[in-house]
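Below is one structure, written out as structure tokens; the observations come after it.
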2 protein chains.
Amino acid sequence: MFGKMFSKNKLVILYGASLAGILLFLKWLEFRFVIMDHAFEVYIGVIALIFTSLGIWLAIKLSKPKTETIIIEKEIYISKPAGDFVPDEKLLLTHGISKREWEVLSLMSEGLSNQEIASRLYLSVNTIKTHSSRLFEKLEVKRRTQAIEKAKRTGLLA
Amino acid sequence: MFGKMFSKNKLVILYGASLAGILLFLKWLEFRFVIMDHAFEVYIGVIALIFTSLGIWLAIKLSKPKTETIIIEKEIYISKPAGDFVPDEKLLLTHGISKREWEVLSLMSEGLSNQEIASRLYLSVNTIKTHSSRLFEKLEVKRRTQAIEKAKRTGLLA
DNA sequence: ATTGGACTCATACTTTCGGGTGATTTTGAC
DNA sequence: GTCAAAATCACCCGAAAGTATGAGTCCAAT
């Protein structure tokens with residue numbers, strides 16, 4: 001705040017000083033040369049140019065920069081604290097679901113396709129299909145989405 | 001583009017015109033009055049002031065507005081509140097998800113097929129496909145299972 | 001009055017899913 | 001060692017899901 005004020009005062013002082021300096025220069029010119037008829041227009045022109053540029057310079061220096069604030073919202077998802085959800089052995093048994101089948105179910109619930117699950121588990125897609133088929137039978141559902149829904153509802157998945 | 005160029009040319013013309021005009025005015029003054037000894041300094045001062053303000057005006061008109069860009073990264077933590085079936089309007093807005101799309105998403109998460117969703121909402125299967133497609137785009141996912149997963153993780157669904 | 005978004009539906013096409021069937025190999029229990 | 005369950009994989013086929021594109025209606029904001 002004070003820095004800026006000082007800066008502005010400084011500019012005003014500079015402005016005054018340069019004005020005085022130029023006047024002196026002109027006075028000196030008056031002594032040295034006779035003002036010729038057509039030199040006067042040139043004279044005015046030079047002064048005009050000088051002060052125009054001075055004005056431009058002042059304006060640039062004094063103008064406040066417009067501040068544009070851009071807020072970028074960065075989404076951060078909170079990962080579930082239950083990182084490794086251990087399958088409840090008893091729950092698995094009640095449905096007769098095997099470990100491998102539960103693994104497939106788990107990856108299914110993460111939104112992976114059969115192909116992706118196969119790659120993840122180093123198996124063939126056909127195997128995943130077999131597992132998922134049996135899984136659906138045991139869960140008495142017809143689709144993977146239903147399987148996920150039922151699994152979560154019954155506590156089979158987190 | 002051409003508008004701006006024209007504007008600048010116009011300013012230059014105005015500038016030259018005013019300069020010429022002032023010179024004429026001074027010539028006229030020369031005829032009317034004898035230039036007094038001390039009037040000269042005042043004279044110069046007036047010219048200086050006029051052209052300084054002209055310069056300032058020019059600078060303001062011609063200079064691109066200074067923009068100072070401040071980028072603030074705001075981190076938004078998204079957790080999923082337990083309970084409410086009601087879609088959080090704000091959350092929907094952040095992804096640009098429409099009400100209808102959310103309905104489809106909701107029924108999806110219950111394990112319904114597109115046909116079942118269509119029947120439930122008295123719509124055509126194609127419409128459901130359109131909604132789900134747009135939904136997947138907005139959620140940046142490729143499958144319904146992923147959509148469900150992301151929706152639950154981000155609190156879009158209970 | 002025009003524009004734009006949301007919603008609706010359609011057609012055509014590709015990909016994935018799921019069912020059905022059968023087969024081989026591991027593995028653990030008896 | 002035998003035997004059953006689990007796990008692995010294959011092929012086919014129909015159904016469902018998803019993509020791409022276009023288009024018509026409605027409604028609200030300009």
Side-chain angles (χ1 to χ4, degrees), chain A residues 86-154 156-157, chain B residues 86-152 156-157:
Chain A
V86 186
D88 189 338
E89 300 289 345
K90 293 164 192 170
L91 273 178
L92 292 186
L93 284 180
T94 60
H95 291 283
I97 296 172
S98 74
K99 200 160 62 182
R100 209 51 159 166
E101 283 160 359
W102 183 85
E103 282 185 295
V104 172
L105 173 61
S106 180
L107 292 175
M108 255 183 198
S109 78
E110 290 178 18
L112 302 191
S113 69
N114 284 341
Q115 182 54 63
E116 286 167 343
I117 296 173
S119 302
R120 187 78 74 88
L121 299 179
Y122 304 104
L123 295 176
S124 135
V125 192
N126 300 303
T127 307
I128 305 303
K129 285 186 179 183
T130 306
H131 285 318
S132 54
S133 260
R134 324 212 86 176
L135 194 55
F136 297 158
E137 282 174 25
K138 290 171 183 173
L139 286 178
E140 297 169 309
V141 296
K142 301 204 81 61
R143 283 177 285 278
R144 64 213 283 104
T145 47
Q146 283 181 348
I148 294 166
E149 194 274 334
K150 182 155 190 178
K152 296 211 172 190
R153 188 155 42 79
T154 58
L156 229 48
L157 284 175
Chain B
V86 188
D88 188 338
E89 299 289 345
K90 292 165 192 167
L91 273 177
L92 292 185
L93 283 178
T94 60
H95 291 283
I97 296 173
S98 75
K99 200 161 59 184
R100 210 51 158 164
E101 284 160 359
W102 183 85
E103 283 184 293
V104 172
L105 173 62
S106 181
L107 293 176
M108 254 182 199
S109 78
E110 291 177 18
L112 301 192
S113 70
N114 284 341
Q115 182 54 63
E116 286 166 344
I117 295 173
S119 302
R120 186 79 72 89
L121 298 179
Y122 304 104
L123 295 176
S124 135
V125 193
N126 299 305
T127 307
I128 304 304
K129 284 185 181 184
T130 304
H131 284 318
S132 54
S133 260
R134 299 187 147 274
L135 193 56
F136 298 158
E137 281 176 26
K138 289 172 183 174
L139 286 179
E140 296 170 310
V141 297
K142 302 205 82 62
R143 281 177 286 280
R144 66 218 278 95
T145 46
Q146 282 182 350
I148 294 167
E149 193 273 336
K150 182 156 189 178
K152 297 210 172 190
L156 229 47
L157 285 175

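Order of the sequence lines fixes the chain letters, A, B, ..., with proteins taken first and strands second; residue numbering starts at 1 for each chain.
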Side-chain N,O ([X]) to OP1/OP2 ([N]) below 4.0 Å:
X: B:Thr127; N: C:dA10; result: no
X: B:Ser98; N: C:dC7; result: yes
X: A:Asn114; N: C:dT16; result: no
X: B:Thr130; N: C:dC7; result: no
X: A:Arg100; N: D:dT8; result: yes
X: B:His131; N: C:dT8; result: yes
X: A:Ser133; N: C:dG19; result: yes
X: B:Asn126; N: C:dC9; result: no
X: B:Arg143; N: D:dG18; result: no

Between [atom2] on [N] and [atom1] on [X], what's the gap in Å once rounded to a whole number?
X: B:Ile128; N: C:dC7; atom1: CD1; atom2: P; value: 12 Å
X: B:Arg134; N: D:dA20; atom1: CZ; atom2: P; value: 13 Å
X: B:Ile117; N: C:dT8; atom1: CD1; atom2: C1'; value: 16 Å
X: A:Leu112; N: C:dT16; atom1: CG; atom2: P; value: 13 Å
X: A:Leu139; N: C:dG19; atom1: CG; atom2: P; value: 12 Å
X: A:Ile148; N: D:dA17; atom1: CD1; atom2: P; value: 13 Å
X: A:Phe136; N: C:dT16; atom1: CZ; atom2: C1'; value: 12 Å
X: A:Leu105; N: D:dA7; atom1: CG; atom2: P; value: 14 Å

Working to the nearest 0.5 Å, report the span between [atom1] of [X] and [atom2] of [Y].
X: B:Leu135; Y: B:Met108; atom1: CG; atom2: CE; answer: 6.0 Å
X: A:His131; Y: A:Leu107; atom1: NE2; atom2: CG; answer: 11.5 Å
X: A:Leu157; Y: A:Ile148; atom1: CG; atom2: CD1; answer: 8.0 Å
X: B:Lys150; Y: B:Lys138; atom1: NZ; atom2: NZ; answer: 14.0 Å

Requested in this report: Let me know, please, whether B:Leu123 or B:Lys129 comes out on the 5' side of the other along DNA chain C by nearest nucleotide.
Outcome: B:Leu123
Query raised in the report: Taking the side chain of B:Lys99 as its heavy atoms from C-beta onward, which of D:dT19, D:dC9, C:dC7 lies nearest to it?
Result: C:dC7
**Report entry** Residue pair A:Ile97 / A:Leu156: nearest heavy atoms and the distance that separates them
**Finding:** CD1-CD2, 3.5 Å
Query raised in the report: 5'-most contact on DNA chain D: A:Lys138 or A:Val125, nearest heavy atom basis?
Result: A:Lys138
